[in-house]
Protein chains: 2
Amino acid sequence: MLEKVKENLSGADPRFMTSLARGLEVLRTFENRTTLTVSQAAKMAGLPRSAVARCLFTLEQLGYVAATGTTYSLRPAMLPLARAFAVGNPLARDGQRVVDAVRDRLGESCSLAMFDSRSGHSQVVYVCRAETARIISVPLFSGSTLPSYSTSNGRVLLSGLNDVALNAFLAMAPFPAYTSKTLTSAHALRAELVRIQTQGWALTDGEFEAGLRSIAVPVCDASGSVAAAINLATQSNQRQLDWLTNTALPELQAAAAHLSRSSFR
Amino acid sequence: MLEKVKENLSGADPRFMTSLARGLEVLRTFENRTTLTVSQAAKMAGLPRSAVARCLFTLEQLGYVAATGTTYSLRPAMLPLARAFAVGNPLARDGQRVVDAVRDRLGESCSLAMFDSRSGHSQVVYVCRAETARIISVPLFSGSTLPSYSTSNGRVLLSGLNDVALNAFLAMAPFPAYTSKTLTSAHALRAELVRIQTQGWALTDGEFEAGLRSIAVPVCDASGSVAAAINLATQSNQRQLDWLTNTALPELQAAAAHLSRSSFR
DNA sequence: CCTAAAAGTCCGATTATCGGTCAAATAAGC
DNA sequence: GCTTATTTGACCGATAATCGGACTTTTAGG
């Protein structure tokens with residue numbers, strides 16, 4: 001997994017720092033578990049214990065994790081970095097205002113998402129989110145990640161990939177089905193992504209979770225490529241499909257256009 | 001600065017991974033500047049250009065930063081890590097509810113802060129925050145950092161340090177004065193910290209910013225040591241000092257006690 | 001067009017990193 | 001309470017990953 005990233009790059013670029021990659025990989029294990037021992041982290045990261053112990057020792061010295069006995073946990077050190085992104089990235093900076101506005105106008109939860117570029121293109125990370133009532137079983141926050149192939153935001157982002165990247169991603173198919181409606185084959189997904197690309201928006205209906213209906217549109221950067229996606233999530237029994245395409249879609253498109261403009265700065 | 005951290009640790013522990021430390025140090029430069037070139041980052045981090053170029057190359061491969069031409073900027077990769085802390089740390093998880101409640105009851109901005117353990121004990125990071133109207137010139141978010149010696153939250157945290165850590169910190173004195181009232185000498189600070197420790201709360205009045213008055217109390221963990229601080233920030237011309245100690249203080253203490261309990265889990 | 005600064009490339013030296021091993025400690029199972 | 005199974009912590013020689021300076025190319029500025 002880690003080696004793949006390195007090797008894919010025209011075969012082991014000498015500029016690639018394995019130690020740095022490993023250390024960050026170890027940090028990442030805390031996304032799945034709040035407290036970890038050395039061997040647990042080693043198992044999860046798929047690295048030798050000694051290497052993981054070195055990483056955790058270093059991360060502790062630097063103040064990124066804290067040790068209580070032999071168990072490690074995260075320190076707040078990530079928060080300033082997350083804030084740096086939140087205020088430095090034009091889309092993230094203006095995004096909260098925009099999703100709040102959409103939520104207020106339409107009365108449904110609205111989210112701005114981007115690729116979590118750490119995991120190829122398989123995951124999207126929620127950057128900004130405005131909630132109404134909780135409609136999804138898994139709680140979402142800024143920083144939550146969701147699979148890209150089965151969510152409207154994710155599909156919009158996938159539809160903006162170039163052929164090489166898209167093929168690389170689809171090579172991972174088939175994908176697990178969350179519901180009976182989930183598209184899981186590379187063929188079906190590719191067809192859907194093509195349609196999304198031409199029509200300019202994506203709609204998923206109960207593919208990630210039964211009863212969850214969602215529509216998303218792309219947010220483009222100055223070069224015209226898809227930099228983010230903004231979506232509206234509703235309950236199937238509350239909003240009809242044509243409400244999404246007739247009422248929600250124009251609002252989302254306006255919001256996306258507005259965000260697009262701000263990303264030029 | 002980086003070497004100090006390493007050497008202070010009983011002279012270059014072989015477990016310390018310099019490459020990992022450097023990579024994280026390079027990441028940190030983005031806290032000061034949203035976009036950076038290699039040489040800018042090298043200058044800020046105080047590292048050779050070639051080393052920084054390797055770090056940025058690696059961080060880009062891993063998806064933590066993105067390159068646009070020769071300038072780099074952060075990707076949303078930090079958000080999942082920040083969220084992992086926010087939901088995994090007991091104080092952070094319950095903190096938002098608590099500061100919101102205090103803000104609602106007292107009508108003033110309330111914040112929960114912890115040491116930013118990356119920079120010795122010189123900075124505190126705001127973990128949770130509930131705002132009223134903007135009363136401070138510099139906007140604060142979750143993830144914002146402020147100097148510990150001149151803020152009420154910071155002083156509470158400092159008052160919980162052991163002698164060794166405190167002496168190490170005070171050795172950096174004198175500290176810059178933000179206003180004419182700022183305590184800047186090690187002597188004065190030490191005296192104030194002792195008083196804070198015995199009385200159980202800290203009050204700063206216009207030391208960080210003129211017209212800003214703030215009171216803070218400690219939040220302790222299971223072992224009884226200070227794990228966080230919670231404070232209320234007011235404008236000098238709106239709230240008298242005795243309102244802070246008579247009305248605000250009990251509320252803060254109740255909130256802190258409540259948080260303390262949740263940290264046991 | 002010329003100058004200065006930054007970026008990109010390369011490479012030999014060195015040392016930081018590696019990962020397996022072993023003893024000690026801890027936890028689990030009986 | 002004893003045995004067994006993991007886990008931790010420390011060690012160390014081998015090796016490859018990292019280092020940083022030097023050079024060339026490119027970009028930016030006057």
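Scope of the values below: all heavy atoms of this structure, side chains included, with no hydrogens, waters or symmetry mates. For clarity, every value in this text was computed on a predicted model and none was experimentally measured. Lettering follows sequence order; numbering is per chain, from 1.
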Nucleotide nearest A:Thr37 (side chain, heavy atoms from C-beta), chosen from C:dA16, D:dA10, D:dT8: D:dT8
Heavy-atom nearest nucleotide on DNA chain D taken for A:Gly69 and for B:Ala51; more 5' hit belongs to A:Gly69
Roughly how many Å is it from CZ in B:Phe57 to C1' in D:dA17, rounded to a whole number? 14 Å
Let me spell it out: for each of A:Ser39 and A:Met17, pick the nucleotide of DNA chain D with the closest heavy atom. Which residue's pick is nearer the 5' end? A:Ser39
Options C:dA6, D:dG20, D:dT7, nucleotide nearest the side-chain atoms of B:Lys43: C:dA6
To the nearest Å, give me how far apart CG (B:Leu56) and C1' (C:dA6) are. 14 Å
With salt bridge (charged side-chain N to carboxylate O under 4.0 Å, His left out) as the criterion, how do A:Arg118 and A:Glu25 come out once you've worked through the C-alpha distance, each side chain's angles and the decisive distance to 0.1 Å? CA-CA 10 Å; A:Arg118 297 176 301 173; A:Glu25 199 67 14; over 6 Å; no
Of all the nucleotides listed (D:dG21, C:dG19, D:dT8), which has the minimum atom distance to the side chain of B:Ser50? D:dG21
Is the distance from OP1 or OP2 of C:dG19 to the nearest side-chain N or O of B:Arg15 less than 4.0 Å? no
By nearest heavy atom, map B:Gln40 and B:Leu20 onto DNA chain C; which one lands nearer the 5' end? B:Gln40
Rounded to whole Å, please give me the gap between CG in A:Leu36 and P in D:dT8. 11 Å
Does B:Arg83 count as lying over the ring of A:Phe141, i.e. NZ or CZ under 6.0 Å from the six-ring centre, within 45 degrees of the axis? no
From C-beta outward on A:Arg54, which listed nucleotide comes closest to its side chain: D:dG21, D:dT8, C:dG19? C:dG19
Are A:Arg22 and C:dC18 close enough that a side-chain N or O sits under 4.0 Å from OP1 or OP2? yes
Do B:Phe175 and B:Phe169 make the cut of ring centroids closer than 6.0 angstrom? yes
Would you mind reading off the distance between A:Arg49 atom CZ and D:dT6 atom C1', rounded to a whole angstrom? 8 Å
A:Phe16 atom CZ is separated from D:dC19 atom C1', nearest whole Å, by 17 Å
NZ or CZ of B:Arg15 within 45° of A:Phe57 ring axis and under 6.0 Å: yes
Atom pair CE (A:Met17) and CZ (B:Arg54), whose distance is rounded to the nearest 0.5 Å: 6.5 Å
Go through D:dC19, C:dC18, D:dT8 for me and flag the one nearest to the B:Ser19 side chain. D:dC19
